[in-house]
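Before any comments, here is the structure.
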Amino acid sequence: MAEADERIGSYEMKKNRSSGFSLLELIIVMALIGILAAIVSNRYLNYVEEARVAKATADIRVIESEIYVYKMKTGELPESLGSVKRSAFKDPWGHYYCYMKIGDDKDSKGKARKDGFLVPINSDFDLYSSGRDGRSVSSLRAKGSRDDIVRAFNGGYVGPASKI
């Protein structure tokens with residue numbers, strides 16, 4: 001009987017020793033979870049930004065078509081986005097879309113968006129989103145304009161200014 005008690009006692013000691021995790025094992029598991037979370041969150045943020053760029057691109061195409069419809073009805077481009085009922089329309093980052101009719105006067109040609117060689121990217125009108133940072137300058141190569149979503153080449157291209 002004493003042998004049986006001794007066996008039961010040693011079994012209980014082994015059982016108590018093998019249950020649970022050590023502190024080192026917990027730290028390793030937590031580190032792995034942290035690494036995986038960082039990878040997944042980074043990819044998620046990239047997908048969100050790509051979706052915002054795609055939405056802004058589609059919005060600019062829609063506004064562009066509304067401007068063309070306005071021009072077909074009236075014979076001239078609108079003076080502002082209010083004429084096509086888009087003055088309160090915001091981009092995916094919460095900023096208003098920007099529009100400028102490019103006319104024959106020097107003032108509008110001077111404010112027109114320009115590529116890296118300072119050549120205007122449109123001859124009819126500029127339409128763009130100021131992007132994530134909400135800042136924009138006329139040259140697309142400037143730091144404040146790299147994240148802009150622009151209409152260029154009179155509608156031949158709509159997308160990120162950094163790709164022009």
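Note: hydrogens, waters and symmetry copies are ignored here, and every other heavy atom, side chains too, is used.
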Side-chain heavy-atom pair [X], [Y] within 4.5 angstrom cut-off:
X      : Y      : value
Ile102 : Asp124 : no
Ile121 : Lys114 : no
Met100 : Lys111 : yes

Name all residues meeting the salt bridge (charged side-chain N to carboxylate O under 4.0 Å, His left out) criterion together with Asp148; count only those two or more places apart in sequence or in a different chain, and write none if there are none. Arg113

Donor-acceptor check, side chain of [X] to backbone of [Y], threshold 3.5 angstrom: yes or no?
X      : Y      : result
Asp115 : Val119 : yes
Tyr128 : Gly131 : no
Thr57  : Gly159 : no
Ser65  : Val62  : yes
Arg61  : Gly155 : yes

Roughly how far, to the nearest 0.5 Å, is CZ of Arg135 from CZ of Arg146? 10.0 Å

dist Ser162:OG -> Leu140:CG (nearest 0.5 Å) comes out at 9.5 Å

With sequence neighbours left out, write down each residue that passes side-chain contact (heavy atoms from CB on, under 4.5 Å) with Lys73, or none if nothing qualifies. Val69

Between side-chain atoms of residues 20-31 and protein atoms elsewhere (two or more places apart, or another chain), which donor-acceptor pairs fall under 3.5 Å?
| unit_1 | atom_1 | unit_2 | atom_2 | d |
| --- | --- | --- | --- | --- |
| Ser22 | OG | Glu25 | N | 3.3 |
| Glu25 | OE1 | Ser22 | N | 2.9 |

Fellow cluster residues of Leu127, listed by chain then number, with links counted only when side-chain atoms sit under 4.5 Å apart: Val53, Ile60, Ile63, Ile67, Tyr68, Tyr70, Leu77, Leu81, Val84, Phe89, Trp93, Tyr97, Tyr99, Phe125, Ile149, Val158

Whether Arg52 and Asp147 form a salt bridge (side-chain N of Lys/Arg under 4.0 Å from carboxylate O of Asp/Glu) is what I want to check. no

Salt bridge present between Arg132 and Glu49 (N-O < 4.0 angstrom): yes

Using the salt bridge (Lys or Arg N to Asp or Glu O under 4.0 Å) rule, collect all pairs that involve residues 77-99, keeping only residues at least two apart or in two chains. Glu66-Arg86, Glu79-Lys101

Output side-chain donor-acceptor pairs under 3.5 Å for residues 35-44, partner residues at least two apart or in another chain, one line each.
| unit_1 | atom_1 | unit_2 | atom_2 | d |
| --- | --- | --- | --- | --- |
| Ser41 | OG | Ala37 | O | 3.1 |
| Ser41 | OG | Ala38 | O | 3.1 |

